[in-house]
Amino acid sequence: MPKAYDHHEAEEQLYEWWESRGYFKPETQARLGQTRADAEPFVISMPPPNVTGALHVGHALTNSVEDMLIRYNRMLGKPTLWVPGTDHAGIATQNVVERKLDEQGTSRHALGRAAFVSTVWDWKDEYHTRISAQQKRMGISCDWSRERFTLDDGLSEAVLEAFIRLYNDGLIYRGNYLVNWCPRCGSAISDLEVEYEEVEGKLYTFRYPLAEGGYIEVSTTRPETILGDSAVAVHPDDPRYTALIGKTALVPMLNREIPVIADPYVDPEFGTGALKVTPGHDPNDYEIGKRHHLPMINIMNNDATLNEEAGDYAGFDRFEARRKLWADMQDAGLVVGEKAHAHQVGHCQRCNTVVEPLLREQWWMRTKELAAPAIEAVRTGAIEIIPKRFERTYFHWMENIRDWCISRQLWWGHRIPIWYGPDGHAFAARSESDAQEQAIAHYGESVHLEQDPDVLDTWFSSGLWPYSTLGWPEATEDLETFYPTTVLETGYDILFFWVARMVMLGMRFTGEVPFRKVYLHGLVRVEDGRKMSKSLGNALDPLDLIRDYGADAMRFSLLTAGTPGNDLKLSPARIEANRNFANKIWNAARFVILNLEDADLDVTRGPDPFDDSYQLPPLAELTLADRWILARLQAVSAEATRLIDNWQIGEAGRQLYEFVWNEFCDWYIEAAKVSLYEGTPAAAQSTRHVLAYVLENSLRLLHPFMPFVTEAIWQNLPQLPSADRALIISRWPQPTGQEDSQAVEDFTRIQEIVHGVRNVRAEYGVEPAKRIPVAIAGAEFSATLTAQLPLLASLARLDAQSTTIETDLAAPEKSVTVTTAGISVYLPLAGLVDLAAERARLQKELDNLNNMLARSRGLLDNEGFVNKAPANVIERERAKIEELVEKEQQLRVRIQEI
RNA sequence: GGGCGAAUAGCUCAGUUGGUUAGAGCACCUCGCUUACACCGAGGGGGUCAGGGGUUCGAGUCCCUUUUCGCCCACCA
C-alpha cells in the first residue's frame, strides 16, 4: 500500500468492478444470499436530471445522500433498488438547443419540427452520456439496467395512459383562459414557472375621458394595456365616483366606448381609486370582466407585439407601444404624471423574459379533486415529509391549488394525444389509428384528423416517475415488488413542481402513495452564501472536485456540511480537509495491515452466511486500551445507527469522523504500539485482533459515506473478508449492547494524565524526545497505573525505569504537579522549575476548580434541583463534586508545600 | 400581506425528547520529519451562543418580543 491514498487509481476501477459484479442490482443481492427473505425492499427513484447540460454540485448532493441511504440499507440486508434516469426537460432543453441553433445562424423554424426534434435527440444523447459518466464518477450504486428516460417508449406509454384516463374522467379539459405567456418561448407556462421579481417600474397616471365630457383619473403600470381596456371600475361605495357609475368612457387614442362600472374589488385607497379593467391581460381584471360580462379583448400576438386590436399601435413590441402610446397621450393632454413604483413582475423561469398574461386556448388539469387524497396522505402520515416543517408548506400549496396548465407550445416533449375532427371534435387516443376508429364511430365515416400540435408540460411525465419507471401501466413484477417506493429524496425547491404532483398522480393511478418518506435537502451555495450559478462563474464543477480531492471527499463534505432542509455552503477548504480524512483512514489501515502481515490471525466469521462479520474470538489478554476502543466502537456504531435512522445523516458522519480520527488513530493506534512492540505475545495477538476488528467495523460504518476509500482498503485486508466478498455488500455493524464502563473510566483517566503531562512538558519547554521520570501518588488507582505504566510512558514520554508509583508519596522538590481526581503526578523538572510560576499555575487551576465546585454545590444545595432533576443527573453532579473535592485538596496541599 | 429558515470562535458550520466546564474543520500561535500518515503529530489562544423579556431546579436548546439577513407563497392597479 502506498503512503498516500491515490483516489485516481482506486475510484474508477472499483466502480467498474462493483458494477460488473452486479452489486447494484437487487437480483444479485438475492442470488448472493445478501437479503433476508422477510425484509421490506428499500427503493429510491432517482430524481431524473435534466438532459440540458452537465451535472452541478446540487446533483452531487442528491447523489451523495441517496447513495448513502442505498448503501446503508443494502448493508442492512434489505433488497435495495435505486432506479436511475434522466428527464427530457421540455422547455429547458428546447431552449438550450435553440440557443445553439441561433449561434449557428439557424432556428427551429428553419429546420422544421421533425428535423428540430431529431437535433434535440442528438443533444440528449450527448448529454445523457456525459451525465451518466459523471454519475459513475461520483460512485452512485444505482441499477443501470433499469435506467429510464422520460421520453422512452415505456414512459411515453405511461404518459398516454395517464392523459387518456384523466381526460376520460373529466380531469383534463381544454379552455380559453388567461394564461402565463412567455413571448420568447412562444408558449404558455404554468403558475409555478413564473418567477416574480421586484422591478423598479413606474406608476403612470392619466385621464380617462368620459363620453359626456370630463374624465376620471386612473393609474396603471402597463399603459399599453389601455388599448385592451373593457371598463373603468370604481368602488361602489366611493362617494367621489358614485355619480359616474354607468357612464361611458372612451379608450384613449382608440375612442372605443367602455362602461364605468362598480366593483368591490377596487381599493379606493390605492392610486386614484379608479381602476382600468383589462380582462384580456390581467388576472384580476379577468375576474372583474367575468363578473360584469365585459368583452375579453386580446391585444397581443404570441411574440408580444400588438395586434390589430391596438389600432395604430399594431405591430409594435409591447414596450415600444408603451412608450409610443404614452407619448401620444401626453400630446393629447391625457397624462397626469408618472412616478417610480416598485412592483412584482413575473418572469419566465427558463428564459427570464417578462411574462404576459393573455388569453389562449390551453389544456388544463383539474387539480382540486386530485389534491384531496394527496393532502390526506400527508395528514395521516402515510407520507412523511422530512423535515416536518415542509408539511406546512405542502398543505398550504395543496389547499390553495389551482388548475394546472399542462399544454406547451413546444416541439420537444410528449405530444398531446388528442386528434381533432373536421368540426373540431376531440378524440383522445393512443395513436392516430385509434383516433380514426373513434372518429368512424362518431361520424360514421373516416375523416381527416389533425393531432393537437402541443406537447405536455415536462412535469407531467416526471409526475408519473416512481411507477412509470417500474413498468406502469403494465402490471410488471418490478411494480409489484418495488412499489410503493421507500424514500423520495430531493431538494426542497421542487416540492411543488415535482413532489406534490407525484403524490397527486400517484394516488390517482396506483391507489397508493408513491413513496413513504420525502427527505428534502437544502440548496448548495458558495462560501459567500450566494447561489451557485454558471452565469456568476462561481459554480463548482463536481468533476473538478472529484479530480482534485476524490469523490469520497466531495461526498463526505456534502453529507456533513449541513442539516436536512437547510442550505449548505461548500468550500474547497472543507473538501480538502475531508480528502485528508480519506488519507487518514488509508494510513490507519496501512498501520493495521502492516502489523498483521506476519501474524497468523485466526479470523472467524459469523455462522450465518448472511452475516460474515468478523467475530472477535475470546481474548484472554485484552489490554485496557483494547477494551476501551471496543467499548467506544460499540457506542459510536449504536449512535451512528440511531442518527441515520433519525435522518441525521450529517451528524452521523461527523461522529464517525471524530471516532476514527481522534479515538482510533490518535489514541488507540498509539496505545496499540505499546502492546504490539512491548507486550506479551498473547497481548500483542489480542491487540492485532482488536486493531483488525475495529478497522473492519470502521470501514463498514464509513462505507455509505466514503465508498471508494473504504472498499479500496477492504480489498487490501489480508485474511479478513473472503476474496469474493465486497465491502459494498457486507453487513452494517450490529450494536452488541456490550458496554465496558470500567475500561472507559480507566482509559479516560490515563488520557487525562497523558494530556496533563504533555501540557506541562510543552509549557516548560521540555525537549520532545526527552524521557522524563515522574513520581505518581496514585491512591486507589495505583495498581491500575502500575499496570498501565508502559502505556503512560509511551504516550507521555516518561522514563518508566525511574518512575515510581505509590498509593501516597511526597512530592519531590522542585517538581511540577499534574492532578487528576485522586492522582497527583509530579514531574521533577530540575533546573526548569520556577516555584513562583508553578504556584501561580496551580493557583489558577485551583480557582477554576473552585468555580466549578461552587456551581455544582449550588445545584445540590438547591431543593428544586434535588427534588426535580432526574436521578442520573443528580448522581453525576455528586460524583463530580467528589472528584473536584479530591482534586481541590491535592492542589491546595501542593500549593502550600511550595 | 402571510409563512418558513438563519443569527454560536476570525471564517464555514455542528450541537433533535432542556442536564458535565458549548464542539469540529479551516485560519492563528509554540513545538516536533518519534518505524501508519507533514494530506501528519503534540500543546495553545480565541465564544456574555444577535438584543430584551419569560417558563424552569436548570435554557445555545422551550415560549414571547425586537433587530438583521435569506427563502417561499400571495391578484393590489
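Labels below follow one simple rule: chain letters A, B, ... track the order of the sequence lines, proteins then strands, and each chain is numbered from 1.
- When the P atom is used for both rC76(B) and rU65(B), the distance is 26 Å, rounded to whole Å.
- Of the side-chain N and O atoms in Asn580(A), one or more sit less than 4.0 angstrom from OP1 or OP2 of rC40(B).
- On a pure distance criterion of 3.5 Å, a polar donor-acceptor pair joins the side chain of Lys584(A) and the base of rC37(B).
- The shortest distance between the side-chain N/O atoms of Trp661(A) and the OP1/OP2 oxygens of rG41(B) is below 4.0 Å.
- Distance check on atom C1': rU68(B) versus rA14(B) gives 23 Å, rounded to whole Å.
- RNA chain B is contacted by His755(A), Arg758(A), Asn759(A), Ala762(A), Pro768(A) of residues 752-769 of chain A, taking any non-hydrogen atom closer than 4.0 Å.
- Stem analysis of RNA chain B (at least three stacked-register Watson-Crick or G-U pairs, each with both distances under 3.5 Å) gives B:1-7 with B:67-73, B:10-13 with B:23-26, B:28-32 with B:40-44, B:50-54 with B:62-66.
- When the side-chain nitrogen and oxygen atoms of Lys276(A) are compared with OP1 and OP2 of rA77(B), none of them lie within a distance under 4.0 Å.
- For rA14(B), the OP1/OP2 oxygens have no side-chain nitrogen or oxygen of Arg654(A) closer than 4.0 Å.
- Across all strands shown, Tyr677(A) has heavy atoms under 4.0 Å from sugar-phosphate atoms exclusively, and none from any base.
- With hydrogens and angles ignored, a donor-acceptor pair under 3.5 angstrom links the side chain of Glu670(A) to the base of rA36(B).
- Of the N and O atoms on the side chains of Thr820(A) and Glu752(A), at least one donor lies less than 3.5 Å from an acceptor on the other residue.
- Taking atom C1' in both rA42(B) and rC33(B), one finds a spacing of 14 Å when rounded to whole Å.
- With C1' as the reference atom, rG10(B) and rA27(B) are 7 Å apart, rounded to whole Å.
- Distances shown here put every side-chain N or O of Arg222(A) at or beyond 4.0 Å from the OP1 or OP2 atom of rA77(B).
- Ion pairing between a basic and an acidic side chain is recognised when a charged N comes within 4.0 Å of a carboxylate O; Glu877(A) and Arg855(A) show such pairing.
- Note on ring orientation: taking the six-membered ring where Trp is involved, the planes of Phe664(A) and Tyr668(A) are parallel (angle under 30°, cut-offs 30° and 60°).
- Distances shown here put a side-chain N or O of Lys880(A) below 4.0 Å from the OP1 or OP2 atom of rU21(B).
- In this pair, Trp326(A) and Tyr204(A) present their aromatic rings perpendicular. The plane angle is above 60°, beyond the 30 to 60° band.
- In this structure, Phe270(A) and His341(A) have perpendicular ring planes: the angle between them is above 60°, well past the 30° mark.
- The gap from the C1' atom of rG23(B) to that of rU61(B) amounts to 15 Å, rounded to the nearest Å.
- If you check distances only, the side chain of Arg579(A) does reach the base of rC39(B) with a donor-acceptor pair under 3.5 Å.
- When each of Phe395(A), Tyr519(A), Phe496(A), Tyr492(A) is paired with Phe390(A), the ring-ring contact (aromatic ring centres under 6.0 Å, His included) condition holds for Tyr492(A) and for no other.
- Distance noted for atom P between rU20(B) and rC28(B): 33 Å (whole Å).
- With RNA chain B read from its 5' end, the first of the two nearest nucleotides for Glu576(A) and Phe591(A) is the one closest to Phe591(A).
- Between Thr563(A) and rA14(B) there is a side-chain polar atom (N or O) within less than 4.0 angstrom of OP1 or OP2.
- Ring orientation note: the planes of Phe705(A) and Phe556(A) are nearly perpendicular, at an angle over 60° on the 30°/60° scale.
- Comparing Tyr657(A) and Tyr5(A) along RNA chain B, the residue whose closest nucleotide (by nearest heavy atom) sits nearer the 5' end is Tyr657(A).
- OP1 or OP2 of rC11(B) has not a single side-chain nitrogen or oxygen of Lys569(A) nearer than 4.0 Å.
- Checking each of Val694(A), Leu717(A), Val709(A) against Leu699(A) for a side chain to side chain contact (heavy atoms under 4.5 Å, CB included) leaves exactly one that passes, namely Leu717(A).
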